[in-house]
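As structure tokens, the structure follows; a few thoughts come after it.
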Number of protein chains: 2
Amino acid sequence: MVIPSKQITDAWISLMRAQQVALRQAERALRHAGLPPYGWYDALWELEKAGEIGLRIHQIERQILIAQSNVSRLIDRLEAAGCVERKPSPDDGRGQVIFITDQGRTTRAAMWPIYAAAIQEAVGAHLTDGNATILAGLLRPIIENRETGL
Amino acid sequence: MVIPSKQITDAWISLMRAQQVALRQAERALRHAGLPPYGWYDALWELEKAGEIGLRIHQIERQILIAQSNVSRLIDRLEAAGCVERKPSPDDGRGQVIFITDQGRTTRAAMWPIYAAAIQEAVGAHLTDGNATILAGLLRPIIENRETGL
DNA sequence: CCAATCTCCATGCGATCGCATGAATATATA
DNA sequence: TATATATTCATGCGATCGCATGGAGATTGG
């Protein structure tokens with residue numbers, strides 16, 4: 001059995017803690033501004049980038065890396081708020097395509113200043129751009145492990 | 001208003017994604033082995049390090065960085081499982097001191113092999129020890145921001 | 001010593017999570 | 001073609017989360 005080194009264990013703990021601290025700061029900032037949570041931004045941004053092509057549920061799942069059932073319900077909430085539209089997929093009778101609406105674009109745009117400030121405060125204030133690039137580079141293989149992992 | 005640079009935003013996203021991917025892998029491994037979740041390990045380990053001195057609820061909160069109400073309920077669960085004991089604090093009538101029990105030590109020890117393997121697979125497999133140290137170093141100020149933050 | 005304030009902790013509440021499952025359609029295989 | 005398998009997505013369920021609140025004991029300042 002392979003035991004992780006002290007360095008790896010420290011990195012693990014740092015990763016767990018840092019994300020929680022940073023995410024909570026951002027969620028709190030959004031909430032205090034009367035805006036929807038982080039997850040909405042994440043999904044809306046992917047949908048906005050996808051444009052008129054839209055995205056399938058499972059594509060969103062792979063993009064933002066949350067469980068399928070949670071994508072389904074996140075889209076429920078976004079739809080109820082008028083931020084997205086579900087349309088049946090022309091190619092696949094099981095599926096559907098999700099499109100962002102004007103309301104969705106407006107909501108995302110309204111979130112951005114608060115969200116951006118929170119990112120800056122939680123992460124940006126502590127990293128040079130160079131170090132941010134290094135950090136992202138070190139984390140990339142951990143993220144991509146999902147593909148191969150299971 | 002300060003807008004985060006592209007590099008900072010990328011680092012933010014990487015941090016969010018990497019932690020989620022890694023944590024979910026670990027949670028899944030523990031669950032599949034019929035073991036308690038990550039949070040239990042975290043708390044039990046702090047309590048084991050604290051030894052016979054025990055820890056106050058708010059100390060646990062600061063160590064493992066979860067909200068106070070969640071510490072309270074985590075301790076409820078650990079107590080129900082016989083893993084910890086609550087004793088009234090001799091110094092502070094409001095408070096209590098939490099101690100790990102033999103059962104708690106046994107549980108933590110049973111979790112470690114699975115947890116360790118998950119850390120190794122999720123993080124260790126992708127980082128040299130040197131890079132792990134760099135990663136932890138880059139994340140540290142983000143974690144410590146909690147203190148000063150709010 | 002009393003009142004105002006603060007700290008410590010538990011709990012109600014609504015929201016979200018992951019898992020397991022199931023229904024419907026698509027795809028592969030015999 | 002007929003059947004087995006796989007994919008797509010929604011939903012029930014129990015567990016956990018963050019927030020807001022409140023009670024009880026400490027602490028501080030007059």
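Values in this document were obtained by computation on a predicted structure and should not be read as measured data. Sequence lines set the chain letters: A, B, ... in the order given, protein chains first and strands last, and positions in each chain run from 1.
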Discussion item. Just the rounded figure in Å: distance from C1' of D:dC17 to CZ of A:Arg24.
Written reply: 10 Å
Item to complete: Name the closest nucleotide to the B:Arg62 side chain, picking from D:dT8, C:dC9, C:dC8.
Response: C:dC8
Practice prompt. Answer with yes or no whether B:Ser69 presents, from its side chain, a donor or acceptor under 3.5 Å of a partner atom in the base of D:dC19.
Written response: yes
Practice prompt. Check whether any side-chain heavy atom of B:Cys83 sits under 4.5 Å from a side-chain heavy atom of B:Trp40, and report yes or no.
Written response: yes
Practice prompt. Inspect the contact between A:Asp76 and A:Arg73 and indicate whether a charged nitrogen and a carboxylate oxygen are less than 4.0 angstrom apart.
Written response: no
Discussion item. Given C:dA10, C:dT25, D:dC9, identify the nucleotide with an atom nearest to the side chain of A:Arg94.
Written reply: C:dT25
Worksheet item: Any ion pair linking B:Glu27 and B:Arg24 (charged N to carboxylate O, less than 4.0 Å)?
Response: no
Practice prompt. For the side chain of A:Ser72, starting at C-beta, report the closest nucleotide among C:dC9, D:dC9, D:dA26.
Written response: D:dC9
Discussion item. Rounding to an integer number of Å, can you tell me how far B:Ile57 CD1 sits from D:dG23 P?
Written reply: 20 Å
Worksheet item: B:Leu23 has an atom CG; how far is it from atom C1' of C:dC17, in whole Å?
Response: 12 Å
Worksheet item: In whole Å, what is the span from the CG atom of B:Asp76 to the P atom of C:dA10?
Response: 6 Å
Practice prompt. Please state whether the phosphate of C:dT7, meaning OP1 or OP2, lies under 4.0 angstrom from any side-chain nitrogen or oxygen of B:Arg56.
Written response: no
Worksheet item: So, A:Asp91 and A:Arg56, do they make that salt bridge, N to O below 4.0 Å?
Response: no
Worksheet item: To the nearest Å, how far apart are B:Gln68 CD and C:dT7 P?
Response: 13 Å
Worksheet, complete the sentence: In whole angstroms, the gap separating P of D:dT11 from CG of A:Leu74 amounts to 15 Å
Fill in: Residue mapping more 5' on DNA chain C - nearest nucleotide basis, A:Pro37 or A:Asp91
A:Pro37
Practice prompt. Check whether any side-chain nitrogen or oxygen of A:His58 sits under 4.0 Å from OP1 or OP2 of D:dC9, and answer yes or no.
Written response: yes
Worksheet, complete the sentence: Side-chain atoms of A:Arg73 come closest, of D:dG12, D:dA10, D:dA26, to D:dG12
Item to complete: Report yes if at least one side-chain N or O of A:Arg77 is closer than 4.0 Å to OP1 or OP2 of C:dT16; otherwise report no.
Response: yes
Worksheet item: So how far is it from B:Asp42 CG to B:Leu47 CG, rounded to the nearest 0.5 Å?
Response: 10.5 Å
Item to complete: Find which nucleotide of DNA chain D each of B:Gly93 and A:Val71 is nearest to by heavy atoms, and output the residue with the more 5' nucleotide.
Response: A:Val71
Practice prompt. Would you mind reading off the distance between A:Asp92 atom CG and D:dC9 atom P, rounded to a whole angstrom?
Written response: 7 Å
Worksheet item: Choosing from D:dA26, D:dT8, D:dC9, which nucleotide comes nearest the side chain of A:Gln96?
Response: D:dC9
Discussion item. Nearest whole Å is fine: how far is D:dA15 C1' from B:Ile66 CD1?
Written reply: 14 Å
